[in-house]
Amino acid sequence: MTDAGAIRIANLYVHVPFCAQKCVYCAFYSEASSGELINRYVAALVREMELVAADLKPKTIFFGGGTPSLLNLRQWETVLRAMDRLSLLGAAEFTVECNPATVSADKAKLLRDFGVNRISMGVQSLDEKLLDRLGRIHSREMVFKSFDTLRHAGFDNLNLDLMFAIPGQTMDIWHDTLREAVAMQSEHLSSYEVIYEDDTPLFHQLQAGEFDVNEDLACEMYETLIDQATTAGFVQYEIANFARDNSELRTPNSELPSRACAHNVNYWRGGSFYGLGPSATGYVRGVRTKNWANTQLYCEQLEKGKRAIESNEELPPLKRAGETAAFGLRMNAGWPFDEFRRATSFDLREQWDSEMNELAGRGWASREADRFHLTRQGLRFADTAAELFLR
Ligand code: SF4
């Protein structure tokens with residue numbers, strides 16, 4: 001619970017750990033659902049919200065997963081009514097991740113009525129064969145249909161998630177998917193390269209030699225992504241994220257496009273957030289927490305009235321600042337030196353002078369009077385660049 005007078009935490013993440021079936025590449029914590037377990041989870045989640053509500057005044061909320069849209073109307077209503085009772089509604093940005101196969105007009109209306117104002121739709125591809133290849137449960141037609149359903153329900157802030165460098169995906173297929181996706185006129189686009197996570201079916205297929213990874217093609221696809229998205233009017237503001245910009249809607253003094261995802265920007269800027277639900281991580285006043293990645297255990301703990309935290313970690317300030325530096329460099333704006341000092345109490349120029357010079361020397365970064373940021377070439381290698389900042 002909060003100390004009297006402490007500023008309440010403004011960002012809330014909720015993990016919904018259920019999916020209709022597991023996609024072949026996915027390492028997120030989620031499991032095939034059963035009605036009873038979802039009901040039990042919903043009750044436990046409400047209990048967890050009750051335990052932290054006094055310390056929360058959300059400006060951004062993000063329900064991710066898993067597949068949050070898998071919850072049925074009654075389950076959503078239970079969660080949203082509890083949030084209303086606990087004064088957790090009214091966030092400026094309230095996002096729910098949806099799978100195109102689980103969007104309905106009734107669900108969209110319910111979410112909208114309770115203040116959800118942004119939907120992130122996991123599309124991944126608009127090629128039917130690749131959707132099958134990935135183990136997605138939706139078809140390309142469902143993407144277009146669900147998008148229309150969400151628009152009709154009044155959502156004017158929609159994100160599409162795409163994936164590239166999928167085994168079997170040619171450059172022509174990627175071009176077509178991008179062309180069709182940008183034609184949908186969403187406000188936001190996220191696109192990630194396939195990652196081969198340990199213990200996923202896709203990883204095992206790679207190890208078994210069922211396909212090869214083509215890094216050159218992946219690089220070309222990333223370049224194509226940037227070109228096609230920016231030509232279509234999106235502004236890239238992070239390695240994998242693009243948003244529309246309307247200067248009238250932009251937060252005063254913000255360098256970000258108006259439709260940038262404020263919730264994710266808070267992560268990249270090292271801000272605090274509560275993470276609720278199985279496997280969720282949180283970061284509150286310098287302490288990182290991780291909930292049990294086990295829905296049964298999560299429910300048992302909360303049924304006893306306790307938070308389901310598996311681990312707590314308080315990072316030494318310099319280590320934390322290094323992580324914050326690394327995260328923030330994912331953004332095109334990089335780190336304004338003043339902002340970094342406000343966020344971490346450290347000065348990038350004092351602690352990471354030689355690292356910044358090294359990256360600038362490689363052509364991966366630009367060091368300017370007021371800030372340090374990665375170049376277009378450097379953003380492609382941001383993970384390698386970021387490692388230099390970790391302490
Ligand atoms: S729908 Fe999302 S969370 Fe669920 S298995 Fe597929 S990628 Fe993972």
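One is the number of the first residue; the rest follow in order along the sequence. Each ligand, and each atom within it, is numbered from 1 in the order the structure gives. Computation of the quantities below employed the complete heavy-atom set of this structure, encompassing side-chain atoms and omitting hydrogens, waters and symmetry-equivalent molecules.
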Original post:
Heavy-atom distance to atom 2 (Fe) of ligand 1: which of Arg136, Glu97, Glu31 wins?
Top reply: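 Residue with the shortest heavy-atom distance to the ligand atom: Arg136.
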Tell me whether the centres of the aromatic rings in [X] and [Y] are closer together than 6.0 Å.
X	Y	answer
Phe327	Trp335	no
His188	Tyr237	yes
Tyr41	Phe18	yes
Phe63	Phe94	yes

Subject >> Smallest separation among heavy atoms of Glu97 and Gly64, with atom names >> reply: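 Looking at all heavy atoms of both residues, the closest pair is OE1-CA, 3.3 Å.
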Original post:
Considering only the protein, which heavy-atom contact is closest to atom 5 (S) of ligand 1, and what is its distance?
Top reply: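 Protein heavy atom with the smallest distance to atom 5 (S) of ligand 1: Cys23 N, 3.3 Å.
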With heavy atoms of [X] as the reference, note each atom of ligand 1 found under 4.0 Å away.
X	value
Thr67	1 (S), 4 (Fe)
Gly66	3 (S)
Tyr25	7 (S)
Cys26	3 (S), 5 (S), 7 (S), 8 (Fe)

Original post:
What class does the angle between the rings of Tyr196 and Phe211 fall in, given that below 30° is parallel, 30 to 60° is tilted and above 60° is perpendicular?
Top reply: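 The arrangement is tilted - the two ring planes meet at 30° to 60°.
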**OP:** Give the contacting part of Cys19 toward ligand 1: side chain, backbone, both or neither, where contact means a heavy-atom distance below 4.0 Å.
**Re:**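 For Cys19, the contact with ligand 1 is made by the side chain alone.
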